[in-house]
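In what follows, chains carry the letters A, B, and so on, assigned in the order in which the sequence lines appear, proteins first and then strands, with residues in each chain numbered from 1.
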Amino acid sequence: MITVTDLTKRFGQTLAVDRLSFQVESGEVVGFLGPNGAGKSTTIRVLAGYHPATRGSASVAGFDVAKQSLQVRQSIGYLPENVPIYPELRVVEYLRYRAALKGVPARDRKVAVMRAMAKAGIEDVRRKLVGHVSRGYRQRVGLADALVSNPKVLILDEPTSGLDPNQRRRIKEVVRELAEEHTILFSSHILAEVQDVASRILVIHRGTLRADGAPDELVRSSVGRRLVVAAACDEAAMRQLLAGLPIEGVELVEGTNGLTRASAGLTEGADPRAEIGERAVAAGIALQELKLDAPSLEEYFQLMTEGADRAAENEALVGDSETAGAA
Amino acid sequence: MNGALVTFRKELLSYFVSPVSWVIAFVFYAWRGYELSSLSRYFAATNGDPDVFVSATYSRPSTFWMVILVPAILTMRCFAEERRTGSMEMLMTAPVKDSGVVVGKWGAAAAFYALLWLPTALSLHVLEYGPFLGTDLSFGPVFAAYLGMFLLSAMVLSFGCFASSLTDNVLLAALLSILFAFGLITLPQQLPAQLGELGQNYYVRELLDKFDVMRNFSEWFARGLIDTSQVAFYISGIAFFLFLTVVSVASRRVA
């Protein structure tokens, strides 16, 4: 439903999006996650037809965003990060205007507006001036606007930004309900927002894609997983127990109650728990604890963004010192 | 077409709910009413020619206010305000052509502007009675003069839309529009003297004559004559500035 291929967007000298590629299949709810300034809004604006790409291509519902912009805009419902709405119009008037602008036939317009208001939960403010409703309601009016033409694809840019916890919960509920009928791409810099509603997450940082997968899958495949073992034995026996396993950086702590705890990093995809169990039985060691300690999605996100920055900085430092050494 | 019509309706509604529009209307009607009643009393007292009265009504200060200042006020928000508040993004990501949005906005400004003038035509009819003129006016020249005034103002409105598309500062947009209207009215008459020998050149004079909207207005429209070349000049001017506006709006997508 959404295909982005080698998308690059520059604003003068600033590289906002760098050769970004991803796909969103029909019916998926995909969270577009990244810290502020990662390139989320720029990518979304290219998909919505507001900015042209500098290089690369993107298509929505089978239409090329550059060559068939009008058809793309007919296929999407777009909620920008800050919902700017004409304050002098009543909520229902604004939605009728937007429905007409989006080509909803006059005979269907009333029903379309009512349906969009019901989905966004704003029927109680329908007669209020847009300038007089709270920020949370304004965000939902924007959501109703995105829904009013019943588009196949919804693109929501930070839909919960600036809302209080209750308003955020309400928006997430609405997105979950919409997931039954629409393909949804929604961005956020708050991981919990995405984790709650998305079946898949794209992590973007400094304009490039850092991770793509289901939230659990991303954590499971994370290099940050650690093995934790606690057994009734001394340190030497524990070392024997763990010898030759696909682990690294073993840390041992001998407790006063005859227990020794070990913690070690795992190589990617490894799970030596069964083997440790067998070895413990063979050696007659009583295991008290044996688990894989996966990082939370929050930690994973930190690893993908801040960790990547640190690695890049270290590489740059090494490069500098090598250059200085050669000189 | 749909986009232009929807934009037109929404913009026209916005003019009617805007306090600024009502202030403009109040000031204009009060001022115009005072001018017309004073002028009609003077003509009645001096037994003036009613046809001269009609053309005299167009050289009142309120006319210049309506041609120079009001189009700037009506169009300054067209795109500048949309850009300032961010609603431009909503407009540009809706499935509507840029040209439809531009034509719809200009059309609404022109329609509201025409509606502002309409009651003044009725007031001319009222002046035919009682203590004012006490004689019939010829409404042929009145219609022609209103058409001329509308075409000139519609061109200023189209420039106003263009100016508004260039910036997100509504005051700057208004200032550009005022300068344009002021220049259009005064420069063709002032320039020949300023240009010296070049100002006396046949081709330069011919060119400036074509752009001398005030002289053309008083020689043609105010006398009840509708010259198709004059009409074509204004329509071309309107189309030119609307085209520039579409290009300006479209180029913002590229930014």
Within 6.0 Å of CZ in B:Phe64, more than 12 heavy atoms from elsewhere: yes

Hits for side-chain contact (heavy atoms from CB on, under 4.5 Å) against B:Ala108, two or more places apart or cross-chain, chain-then-number order -> B:Phe8, B:Glu11, B:Leu12, B:Tyr15

Would you say B:Ser18 and A:Glu88 make side-chain contact, with heavy atoms under 4.5 Å? no

Report the distance from atom CE of B:Met90 to atom CG of A:Asn82, rounding to the nearest 0.5 Å. 11.0 Å

Non-hydrogen atoms of chain A under 4.5 Å away: do they reach the side chain of B:Glu82, the backbone, both or neither? side chain

Taken to the nearest 0.5 Å, the spacing of B:Leu13 CG from A:Leu89 CG works out to 6.0 Å

Atom OH in A:Tyr78, atom OG1 in B:Thr93: separation rounded to 0.5 Å? 6.0 Å

Can you tell me if A:Lys128 has over 12 outside heavy atoms packed within less than 6.0 Å of its NZ? no

Full working for side-chain contact (heavy atoms from CB on, under 4.5 Å) between A:Arg45 and B:Glu89: CA-CA 9 Å; A:Arg45 283 174 166 175; B:Glu89 187 173 351; 2.9 Å; yes

Does a sphere of radius 6.0 Å around CZ in A:Arg19 hold more than 12 heavy atoms from other residues, nucleotides or ligands, not counting ones at 6.0 Å or beyond? no

Please test B:Val96 against A:Leu70 for side-chain contact (heavy atoms from CB on, under 4.5 Å), starting from the C-alpha separation and ending with a verdict. CA-CA 7 Å; B:Val96 55; A:Leu70 205 62; 5.6 Å; no

More than 12 heavy atoms of other residues, nucleotides or ligands under 6.0 Å from CZ of B:Phe182: yes or no? no

Please say whether the positively charged group of B:Lys10, taken as NZ for Lys or CZ for Arg, lies over the ring of A:Tyr86, i.e. under 6.0 angstrom from the six-membered ring centre and within 45 degrees of the axis. yes

When you measure from the side chain of B:Asn2 to the backbone N and O of A:Ala100, does any donor-acceptor pair fall under 3.5 Å? yes

Just how far is it from atom CG of B:Leu5 to atom CG of A:Leu101, taken to the nearest 0.5 Å? 11.0 Å

Main chain of B:Ala94, side chain of A:Arg73: is a donor-acceptor contact present, judged purely on distance under 3.5 Å? yes

Atom CZ of residue position A:Arg135 - does it have more than 12 heavy atoms of other residues, nucleotides or ligands inside 6.0 Å? yes

Once you round to the nearest 0.5 Å, how far does OG of A:Ser69 lie from CE of B:Met92? 10.5 Å

Does any pair with a residue in residues 99-120 of chain A pass side-chain hydrogen bond (donor to acceptor under 3.5 Å, both in side chains), and if so which ones, sequence neighbours excluded? A:Lys102-A:Asp145, A:Lys119-A:Glu181

